[in-house]
Amino acid sequence: MPDFQLYNSLTREIEPFAPADGHTVRFYACGPTVYNPAHLGNFRTFLFEDLLRRVLRMRGWSVEQVMNLTDVDDKIIKRATEQHKTIRQVTDPVIVTFHADREYLRIQRAEHYPRATDFIPQMIDLVSRLEAKGVAYKAEDGSVYFAIDKFPGYGKLSQLDTREIRAGARVAQDDYAKENAQDFALWKAAKPEDEASEAVWDSPWGRGRPGWHLECSAMAMSILGETIDLHAGGIDLVFPHHDDEIAQSEAATGKPFARFWCHGEFLLTDGAKMAKRVGNVSNVSDLRANGVSAAALRHFMFSTHYRKQLNLSGEALEGSIEAVRRVGDFAERLERERGGTSALAEAAETLLVESTTAFGDDLNAPRAMGAMFEFITAANRELDKRGTDAEALARAREAFRQVNAVFDVIPERVVEDAALSRWVESQLAARTAARQRRDFAEADAVRKALEEKGIAIEDSPSGTRWKKVR
RNA sequence: GGCGCCGUGGCCAAGUGGUAAGGCAGGAGACUGCAAAUCUCCCAUCGUCGGUUCGAUUCCGACCGGCGCCUCCA
């Protein structure tokens, strides 16, 4: 196996990666805050993590992945308060939607989807440990904060130590209770609206709720262990979220929290970060309504390296729709064929080498995608020669299967209902008869009628094939 | 103000110190009754200006343009 390298945000270098124990990658991915359906920007990150997961497995490692569901935070409480609901009543349906969208996009299921509210005891325990070590303190406002100046190296991930905070710039307003403006909340004292929406728990520091960063440390460590192999998320989480996770985890255990940190870049729309507050979000349901298949979206997302910003545009999406159509047609052809040539086997070997190398080079999906399309062209060319080498064909199928096991970009076949299928077959029989008596006007009329129903047909020496195109 | 990223053909995009993968779109041809699919061929000198070098898209500098983080955020 060639090297497998990943960019590590912690060192800002590309480094060889392997799980610490040699075979299971302990992988934590920051998941969604479930107060609203996740938008495509969120899903770009989840898709990047899906790609990473699949590549790790392709390398022969097993993966134990945790993706948290943040089901208690300011926005959730705000929504619950507005709707006179409990936070659970707000988050439950959103979680259902999240999984539906996730499955639609063919994002593999992680091993664990812990909800923050199910790990309150573990979080309280973590805060207690920090308090015992003298790095957490209870302030006058009743909340517990992490004292960043008690943790040497605070901000090492974002290189906070090398930068200055702009004087008078956007520093939170409610800081007066804290010893240091950048100290962050571990445990927030309860407010009336927290009680009303059932977002409070008893703790040694009084009733309250966990701070945002706390859940990830607590859940990652209790499920995966105190030092995990890989921690991933969107680039905006580097600071403060991930820096704070590092601080609270490492201050408690004295051990490195994560060996590798990987961050995916943003999805932009109209040249700006896709975000709810910018008002340029679109989600999976918008996509489905516009006829963009999961395969096409995956192709689109994987057409750019994960550490590069990607602009969502109709034109680019159109390109992906067409590209993926080609992949789908090829996949069907590969199943249909009976034999190949020695050059086909060589192309398969090239595909395997090229794609493995590309994936191993910091997840260079665009390059692997290029290799796949080069293979498709070469294979189509060889298949046109009507070879009889069954072994070569088997190798081509296997190589293609392996690469697609990572990309998963074959468009779903539109479900054909039996009645439609019978109707199409009868039309095609009539058309074939017309063609045989060289009544092409009739044959073309049939084709036109089928097209109006969204059925495209292709004549070939072995008969006429058809498919639903819309 | 601090930190960081990016700028390759109409659109998307990989890449290397020695004259630019791939996809979409477009053009020409083969195949086809016609289409479609498929195949073949064609289509860029890499933001600008300097510098280093035998040679730079690739290294350095400046500039221009775009984006992000520094506050909740994938």
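Not a single donor-acceptor pair, N or O on each side, falls under 3.5 Å between the base of B:C5 and the side chain of A:Arg307.
For the OP1/OP2 pair of B:U38 and a distance below 4.0 Å, the side-chain nitrogens and oxygens of A:Arg326 include at least one atom meeting the criterion. Distances shown here put a side-chain N or O of A:Lys273 below 4.0 Å from the OP1 or OP2 atom of B:C69. Contact annotation: A:Thr304 reaches the phosphate of B:A13 (side-chain N/O to OP1 or OP2, under 4.0 Å). For A:Lys308 and B:A14, the shortest distance from a side-chain N or O to OP1 or OP2 is below 4.0 Å.
Atom P of nucleotide B:A74 and atom CG of A:Asn283 are separated by 14 Å, given to the nearest angstrom. Rounded to an integer number of Å, the gap from CG of A:Asn311 to C1' of B:G7 is 13 Å. We find that NE2 of A:His305 is positioned 17 Å from P of B:U8, with the value rounded to whole Å. Summarising the geometry, the separation between CD on A:Glu265 and P on B:G68 is reported as 10 Å, rounded to the nearest angstrom. Separating the CD atom of A:Glu322 from the C1' atom of B:A37 is a distance of 11 Å, rounded to the nearest angstrom.
Separation of atoms CZ (A:Phe375) and OG1 (A:Thr350) is listed at 9.5 Å; rounding is to 0.5 Å.
Using a 4.0 Å heavy-atom distance criterion, A:Lys276 is classed as making no nucleic acid contact. Looking at heavy-atom distances under 4.0 Å, A:Arg437 makes no contact with the nucleic acid at all. Among the protein residues, A:Ile321 comes within range of no part of the nucleic acid, since none of its heavy atoms lies under 4.0 Å from any strand. Here A:Glu315 lies in heavy-atom contact (under 4.0 Å) with sugar-phosphate atoms only.
Nucleotide B:C72 forms a pair with no other nucleotide shown, judged by Watson-Crick or G-U wobble geometry with both contacts under 3.5 Å. Under the Watson-Crick and G-U wobble criteria, each requiring two contacts below 3.5 Å, nucleotide B:C49 is paired to B:G61. If you check B:C39 for Watson-Crick or wobble pairing at under 3.5 angstrom, you find it paired to B:G29.
Taking both residues in full, the closest heavy atoms of A:Ala392 and A:Thr341 are given as CB-O, 3.1 Å, listed atom of the first, atom of the second, then distance. In terms of heavy-atom proximity, A:Ile228 sits nearest to A:His231 at CD1-ND1, 3.9 Å.
In this structure, the side chains of A:Gln402 and A:Thr356 stay at 4.5 Å or more apart for every pair of heavy atoms.
In this structure, A:Arg307 forms a cation-pi arrangement with A:Tyr7, its terminal cationic atom sitting closer than 6.0 Å to the ring centre and no more than 45° off the ring axis.
Remark: A:Asn364, A:Pro366, A:Arg367, A:Gly370, A:Phe373, A:Glu374, A:Thr377 in residues 363-379 of chain A come within less than 4.0 Å of RNA chain B through at least one heavy atom. Taking every heavy atom of residues 32-40 of chain A and every atom of RNA chain B, pairs under 4.0 Å involve A:Thr33, A:His39, by number.
With sequence neighbours left out, A:Arg26 forms a salt bridge (charged side-chain N to carboxylate O under 4.0 Å, His left out) with A:Asp21, A:Glu64. Shown here are the side-chain contact (heavy atoms from CB on, under 4.5 Å) partners of A:Ala294, two or more places apart in sequence or in another chain: A:Tyr104, A:Leu105, A:Arg106, A:Glu412.
Closest-nucleotide positions on RNA chain B for A:Gly41 and A:Arg381 were compared, and the one nearer the 5' end corresponds to A:Arg381. Projected onto RNA chain B by closest heavy-atom contact, A:Gly319 and A:Asp329 fall at different nucleotides, the more 5' of which corresponds to A:Gly319.
Of the listed nucleotides (B:A74, B:C39, B:A37), B:C39 has the atom at the smallest distance from the side chain of A:Asp384.
One C1' atom belongs to B:G18, the other to B:C46, and the distance between them is 15 Å to the nearest Å. Spacing between B:A20 and B:A56 at atom C1', rounded to whole Å, works out to 13 Å. Nucleotides B:A13 and B:U19 place their P atoms 25 Å apart, quoted to the nearest Å. Comparing the C1' positions of B:A21 and B:U58 gives an interatomic distance of 15 Å, to the nearest angstrom. Nucleotides B:U16 and B:C59, compared at atom P, are 9 Å apart to the nearest Å. Taking the C1' atoms as reference points, B:U8 lies 15 Å from B:U48, given to the whole Å.
With ring centers used as reference points, A:Phe43 lies under 6.0 Å from A:Phe46. In summary, the aromatic rings of A:His213 and A:Phe184 are positioned with their centroids under 6.0 Å apart. For A:Phe302 and A:Phe48, the ring centers sit 6.0 Å or farther from each other.
The side-chain hydrogen bond (donor to acceptor under 3.5 Å, both in side chains) test with A:Asp329 is passed by exactly one of A:Arg325, A:Arg333, A:Arg326: A:Arg325. Each of A:Trp261, A:Phe260, A:Phe27, A:Phe359 was evaluated against A:Phe17; a single residue qualifies, A:Phe260, per the ring pair (Phe, Tyr, Trp, His ring centres under 6.0 Å) test.
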### Steps toward side-chain hydrogen bond (donor to acceptor under 3.5 Å, both in side chains) verdict (A:Asp362, A:Tyr306)
CA-CA 9 Å; A:Asp362 191 29; A:Tyr306 75 93; 2.6 Å; yes

Detail all sub-3.5 Å separations between protein N/O atoms and N/O atoms belonging to nucleotides 31-36 of chain B.
residue, atom, partner, partner atom, Å
B:G33, O6, A:Arg431, NH2, 3.3
B:G33, O6, A:Arg435, NE, 3.3
B:G33, N1, A:Asp444, OD1, 3.1
B:G33, N2, A:Asp444, OD1, 3.3
B:G33, N2, A:Asp444, OD2, 2.6
B:C34, O2, A:Arg447, NH1, 3.4
B:C34, O2, A:Arg447, NH2, 2.2
B:C34, N3, A:Arg447, NH1, 3.1
B:C34, N4, A:Asp459, OD2, 2.7
B:A35, N1, A:Asp459, N, 3.0
B:A35, N3, A:Arg447, NH1, 3.0

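Applying the salt bridge (Lys or Arg N to Asp or Glu O under 4.0 Å) test to residues at least two apart or on different chains, none of the pairs has a partner in residues 343-355 of chain A.
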